[in-house]
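What follows is a set of notes on a single structure, which appears directly below.
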2 protein chains.
Amino acid sequence: MTLTADQQQIIERIGVFFETKGNQPILGRIIGLLMVADDAEATFEDIQKCLFVSKSAVSQALTLLQSQNKVEYITKPGERKRYFRLKIRNWKVDIQDDLRKVFKFNEIIEEIISLRGNKNEEFNSYLKEVSNFMQFMEAELPKLIEKYKKQIE
Amino acid sequence: MTLTADQQQIIERIGVFFETKGNQPILGRIIGLLMVADDAEATFEDIQKCLFVSKSAVSQALTLLQSQNKVEYITKPGERKRYFRLKIRNWKVDIQDDLRKVFKFNEIIEEIISLRGNKNEEFNSYLKEVSNFMQFMEAELPKLIEKYKKQIE
DNA sequence: TTGTTGGTTCATAATTTTATGAACCAAATA
DNA sequence: TATTTGGTTCATAAAATTATGAACCAACAA
């Protein structure tokens, strides 16, 4: 498999995106490769050669991505090689998870509120306001997704 | 300033939360301290002593947090010390930014779509579907925030 | 004018994260 | 049976991140 300069570049950008989300560089690049590859799949060897990394790095990264349900592989008749692909069915779920993660902080905020004294009531009410906003958003999110589902029907 | 065991514990949890969002450990802990502190503020010395870190670490972390608009300081008459606080007015904005960041990936997806060949149309249409979902969510988000604002009036 | 307080700066030490290479293994092939 | 293919495993090297300490500075106090 050979990549164009455009493809190489966008793989790096995808890599950076996933890296800033807290993943190690190679994971994002593999996801990137699987996204830009013409047939949306790549063998172990493809990954190693396209990304210029060691066998062990590829092996470990793939193990991780599979454990995270981000990647799976298929096989082809008469071949021993694995063809790795993105487990794309999970994406919308991933997006929702990312959104929920933002509101996850509300759990901590609620704990803080219950712990705080009354030395700074202004801050306390700010906290409550933020908490309220998060609660609202968290509750509305599923409704929004329902709305989307109806819209595409 | 002395912290209870409860306060110490929650500071660590806040620290971990911010750390997994890609920040260095000390930043999250400082934010945590400013959240649980009774008067919602702390001096340079307070921070150093409560978090058991060096002067330089505190100085560098505070510079960063201030540059990120997360922290500010006030002074008190007759005192040279700075009292650091969370710039709490920015929080709802921060939350919105975090949400937008999730959809930011759509820019990359759109680029990928325009770059992809037609070797795997199934994958192509999956990509379009995900992109569509993100576009929808991104467009609805401001409406949701409007709805919230009206609701609290 | 000397010392103290409240910091800042920067080179580098300590730690953590990430990638490597060598050894290994099972299945298929020669 | 020996060799090749397609990987895995693990100790550690390399790189990146984070924290430290020493030197410094300005403002104020003695």
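Every chain is numbered from 1, with letters handed out A, B, ... down the list of sequences.
A salt bridge between B/Arg85 and B/Glu72 is absent, with no side-chain N of the basic residue lying under 4.0 Å from a carboxylate O of the acidic one. A salt bridge does not link B/Glu153 with B/Lys150: every distance from a Lys NZ or Arg NE/NH1/NH2 to an Asp or Glu carboxylate oxygen is 4.0 Å or more.
The aromatic rings of B/Phe133 and A/Tyr148 sit perpendicular to each other, their planes meeting at more than 60°, with 30° as the lower class boundary. A perpendicular orientation is assigned to the rings of B/Phe18 and A/Phe105, their planes being inclined by more than 60° (bins at 30° and 60°).
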Can you tabulate the close N/O pairs, meaning under 3.5 Å, that link protein atoms to atoms of nucleotides 6-16 of chain D?
from   : atom 1 : to      : atom 2 : distance (Å)
D/dG7  : OP2    : A/Arg82 : N      : 3.4
D/dG7  : N7     : A/Lys55 : NZ     : 2.3
D/dG7  : O6     : A/Lys55 : NZ     : 3.0
D/dT8  : OP2    : A/Ser59 : OG     : 2.5
D/dT8  : O5'    : A/Ser59 : OG     : 3.4
D/dC10 : N4     : A/Gln60 : NE2    : 3.3

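In this structure, B/Glu19 places its CD atom 16 Å from P of C/dT15, rounding to the nearest Å. Rounded to whole angstrom, the span from the NZ atom of B/Lys49 across to the P atom of C/dG6 amounts to 10 Å. Put simply, CD1 on A/Ile26 is 17 Å from P on C/dT17, counting in whole angstrom units. B/Phe52 has its CZ atom 19 Å from the C1' atom of D/dT18, to the nearest Å. Distance CZ (A/Arg29) to P (C/dT18): 12 Å, rounded to an integer number of Å. Taking atom CG on A/Leu27 and atom P on C/dT17, their separation rounds to 14 Å, with Å as the unit. Between the NZ atom of B/Lys76 and the C1' atom of C/dG6 there is a distance of 16 Å, given to the nearest Å.
Looking only at distances, a side-chain donor or acceptor of A/Gln60 sits under 3.5 Å from a matching main-chain atom of A/Ser56.
Between A/Gly78 and A/Gln24, it is A/Gln24 whose nearest contact on DNA chain C lies nearer the 5' terminus.
Checked options B/Lys81, B/Arg82, B/Lys76; the residue passing with B/Glu41 is B/Lys76 (criterion: salt bridge (Lys or Arg N to Asp or Glu O under 4.0 Å)).
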